[in-house]
Amino acid sequence: MIKAISLRLLSAVGLLWGVVTLSFILIHFAPGDPISSLVGENGGASPEFVARLRAQYGLDQPIISQYGIYLGHLLRGDLGYSIRFQTPVWDLFRERLPATLLLLVTSIVVFSIFGMIAGVYSATRAGSLGDSAIRILSVLAFSLPVFWFAQLLIALFSVKLHLFPVFGMHSLFVRPGLWNSVRDVAWHVVLPAIALGAWHMAVTQRFVRTSLIQVLHEDYIRTAMAKGVSRRAILMHHAMRNALLPVVTITGISFGTMLTGATLTEIVFGWPGLGRLILDGVLGRDRPLIIGLLLISALLTIVVDALTDVIHGLLDPRIRAGRHR
Amino acid sequence: MSADTAPILEVRDLRVAFDAPEGLVSPVDRVSFSLQAGKTIGLVGESGCGKSMTALAIMGLLPRPSGRVAGGEILFRGQDLCRRSDREMQKIRGNRIAMVFQEPMTSLNPVLSVGEQIAEAVRVHQRVGKRDAINQAVDLMALVGIPAPRDRARDYPHQFSGGMRQRVMIAIALACRPDILIADEPTTALDVTIQAQIMDLLMRLREERQMAMILITHDLGVLAEAVEHVCVMYAGRIVESAPVDKLLNDPRHPYTQRLLAAIPRGRRSGRASRLQEIPGSIPPLWDLPGGCRFCPRLEGRRDLCRAEQPPRREVGPGHFVACWAACSDALALAGTAS
Ligand SMILES: Nc1ncnc2c1ncn2[C@@H]1O[C@H](COP(=O)(O)OP(=O)(O)OP(=O)(O)O)[C@@H](O)[C@H]1O
Ligand SMILES: [Mg+2]
């Protein structure tokens with residue numbers, strides 16, 4: 001057990017180091033650099049001033065020593081200083097990561113549940129009208145581009161029906177009290193969560209359907225029926241736990257796509273998360289910011305991967321046993 | 001008919017139909033037999049002849065939606081099981097009629113502990129608490145010969161060998177003291193050394209619990225000690241049915257005769273000998289020959305065999321055969337006797 005965990009941690013550190021190194025190299029060889037984009041936006045400057053700025057950010061050093069300095073800072077927990085925002089990268093993250101996590105987690109949890117319900121419905125009524133309707137909706141949700149779907153939602157529910165806010169995460173004026181602000185945020189998160197989660201719901205529904213239909217044909221389901229267990233108990237107690245195993249895997253994989261989707265969703269909805277930072281960071285060639293963002297996504301992916309394994313272990317005793325050995 | 005001679009289970013003209021890609025097929029066709037309380041009958045025949053389908057039909061577990069009972073009746077204590085609702089069948093399954101399956105390796109749920117799965121069988125039909133059910137499960141595990149049952153109850157199916165899993169399946173089947181146990185080739189998937197142990201266990205439990213039993217097998221070797229009456233199935237039909245000693249010593253249907261000849265001699269008399277194969281194979285269900293279904297595998301067939309289904313004739317007390325040749329023999333015998 002301890003050996004497995006340390007192995008995991010070691011590989012996680014290796015992965016993070018790889019992400020840093022690779023992005024360092026890629027950004028270095030990409031055309032343009034942070035100072036010229038900064039200076040360009042501010043109407044130009046003298047070559048001496050540009051050179052001074054370069055020296056100030058250590059950009060005049062050879063790439064190897066820049067890399068060494070960055071790694072040294074990183075090891076001390078310092079993500080560096082964003083050239084574009086003129087703020088420590090960590091401060092930017094602290095301010096914006098919670099909004100992104102709120103959107104991501106809400107979307108994944110809520111639409112995993114909806115996807116499972118739809119999947120169970122369509123698996124237990126395979127071939128029915130309801131199953132066909134769900135299939136069509138799923139294919140639709142699967143193939144809609146996020147940004148287009150997001151704008152559609154805004155046009156319909158915000159602009160036309162005035163049911164939800166158009167923009168942002170908070171109203172300008174909220175009555176005081178924790179409960180009021182929670183309600184306000186919840187009201188704001190609905191549309192972005194739908195825009196982001198529809199795809200995930202479609203994926204979940206398809207996987208639950210396939211997996212459950214397969215499980216319902218297993219010999220042990222017949223055994224449960226031979227015991228006289230009711231259909232409902234067979235579904236909940238015997239079939240779902242087995243059927244969820246591949247679904248958990250696919251949720252872990254779909255998280256990566258959701259991360260990308262979150263960027264687009266945040267930009268369309270003006271959601272104050274990391275999404276906007278990614279765009280600005282890339283446009284501004286803001287190296288510390290870009291590497292920091294990549295590190296965060298890598299870290300989130302590693303956490304989700306570990307979580308997937310933990311849930312698998314909880315669901316399946318065969319995996320649990322394998323981990324002890 | 002007096003109460004103690006009325007059969008506990010009577011299957012009459014049972015027909016099972018399936019929607020297959022090739023069209024509607026009947027893996028079980030006009031099968032009839034009856035089972036007395038506390039007695040055991042054997043159902044034998046080659047692979048694919050419809051033994052499992054017959055058993056599943058009795059349990060009401062034919063794979064849905066493609067399979068169904070298309071004719072005949074299954075009378076349990078005089079009441080037709082085919083007319084029972086899903087709910088009523090749930091109360092009978094695992095409670096009055098239980099089944100042990102052919103595939104012990106896949107018949108247990110991999111994510112539930114073995115104790116839970118046995119306890120569930122108890123709790124579905126009896127009003128007992130969780131603790132009581134677990135205790136009963138442990139007792140059942142001891143009954144079927146699983147060592148250290150209290151510890152083992154917490155283990156999962158993958159921690160058990162095939163033989164042990166089949167013991168667990170037997171424990172599940174016995175949980176509610178059923179009147180009838182259907183054992184569908186309970187040893188086919190097991191090692192030869194384990195097979196005898198499981199058969200002995202079943203025989204012992206049958207005695208102890210006074211259960212009626214349907215033992216499905218394609219191994220005629222085990223029948224002599226295990227059953228009182230045998231039904232031989234071929235391509236969905238019962239071709240011969242007789243008390244076990246009659247069937248083993250005086251088989252009338254050519255198919256039964258071949259089956260018996262196919263048992264290695266060593267099994268019956270101690271001398272080893274070559275296994276005799278039955279030439280030909282079972283016809284596919286969607287392309288059954290007209291007339292007698294076995295006839296294409298027989299050399300000396302006549303026009304009558306090809307033209308018409310042989311009827312079921314009684315050739316001795318409780319001994320029925322469906323074969324034109326056997327019937328005409330019988331008729332000839334009857335003729336000389338009178
Ligand atoms: N879902 C199905 N649809 C159509 N035909 C089926 C289906 N399942 C089984 N059959 C057919 O039903 C026939 C009887 O099968 P069954 O399982 O009863 O055989 P069996 O006598 O138990 O054989 P074995 O000794 O191999 O267990 C077989 O010919 C098989 O091809
Ligand atoms: Mg079978």
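Here the structure is a predicted model, which is why all the values come from computation and not from measurement. Below, each value reflects all heavy atoms present in this structure, side chains not excepted, and no hydrogens, waters or symmetry copies. Here is how names work: the chains are called A, B, and so on, in the same order as the sequence lines, proteins then strands, and each is numbered from 1.
When each of Arg93(B), Arg87(B), Arg123(B) is scored by its heavy-atom pairs under 4.5 Å with chain A, the top score falls to Arg93(B). Residue with the most contacts toward chain A among Ile97(B), Asn95(B), Asp86(B), Val124(B): Val124(B) (heavy-atom pairs, distance under 4.5 Å). Chosen from His217(A), Met225(A), Arg231(A), Glu218(A), the residue pairing most often with chain B at heavy-atom distances under 4.5 Å is Met225(A). Among Glu120(B), Lys91(B), Met99(B), Gln159(B), the residue making the largest number of heavy-atom pairs under 4.5 Å with chain A is Glu120(B).
Using modelled atom types, no side-chain atom of Lys227(A) and backbone atom of Ile118(B) make a donor-acceptor pair closer than 3.5 Å. At distances below 3.5 Å, at least one donor-acceptor pair connects side-chain atoms of Asn109(B) with backbone N or O atoms of His238(A). A donor-acceptor pair is defined here as one N or O able to donate and one able to accept, closer than 3.5 Å; such a pair exists between the side chain of Thr223(A) and the backbone of Ser107(B).
At a 4.5 Å heavy-atom cutoff, the contact between Ala121(B) and chain A is made by backbone and side-chain atoms alike. Residue contact with chain A, scored on non-hydrogen atoms closer than 4.5 Å, involves the backbone and the side chain of Gln117(B) alike. Neither the backbone nor the side chain of Met105(B) comes within less than 4.5 Å of any heavy atom of chain A. Of the two parts of Leu56(B), only the side chain, counted from C-beta on, holds a non-hydrogen atom closer than 4.5 Å to a non-hydrogen atom of chain A. Looking at Arg96(B), neither its backbone nor its side chain comes within 4.5 Å of chain A, counting heavy atoms on both sides. With a 4.5 Å cut-off on non-hydrogen atoms, Leu315(A) touches chain B through its backbone but not through its side chain.
From Leu108(B), atom CG reaches atom CG of Asp219(A) across 10.0 Å, with rounding to the nearest 0.5 Å.
Results of the side chain to side chain contact (heavy atoms under 4.5 Å, CB included) test with Pro317(A) over Asp155(B), Val111(B), Leu112(B) single out Val111(B) as the only residue that passes.
Within 6.0 Å of the CZ atom in Phe149(A), the count of heavy atoms belonging to other residues, nucleotides or ligands exceeds 12. Other residues, nucleotides and ligands contribute over 12 non-hydrogen atoms within 6.0 Å of the CZ atom of Arg8(A). Counted within 6.0 Å of CD on Gln214(A), heavy atoms from surrounding residues, nucleotides or ligands total 12 or fewer; the atom is thus considered open.
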> Hey, mind stepping through Arg222(A) and Glu103(B) against side chain to side chain contact (heavy atoms under 4.5 Å, CB included) and telling me if it holds?
Replying inline: CA-CA 11 Å; Arg222(A) 192 184 56 191; Glu103(B) 308 88 359; 2.9 Å; yes
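Annotation: cation-pi geometry not satisfied between Arg318(A) and Tyr156(B) (NZ/CZ under 6.0 angstrom from ring centroid, within 45° of ring axis).
Across every non-hydrogen atom of Gly228(A) and His125(B), the tightest pair is CA-NE2, 4.1 Å.
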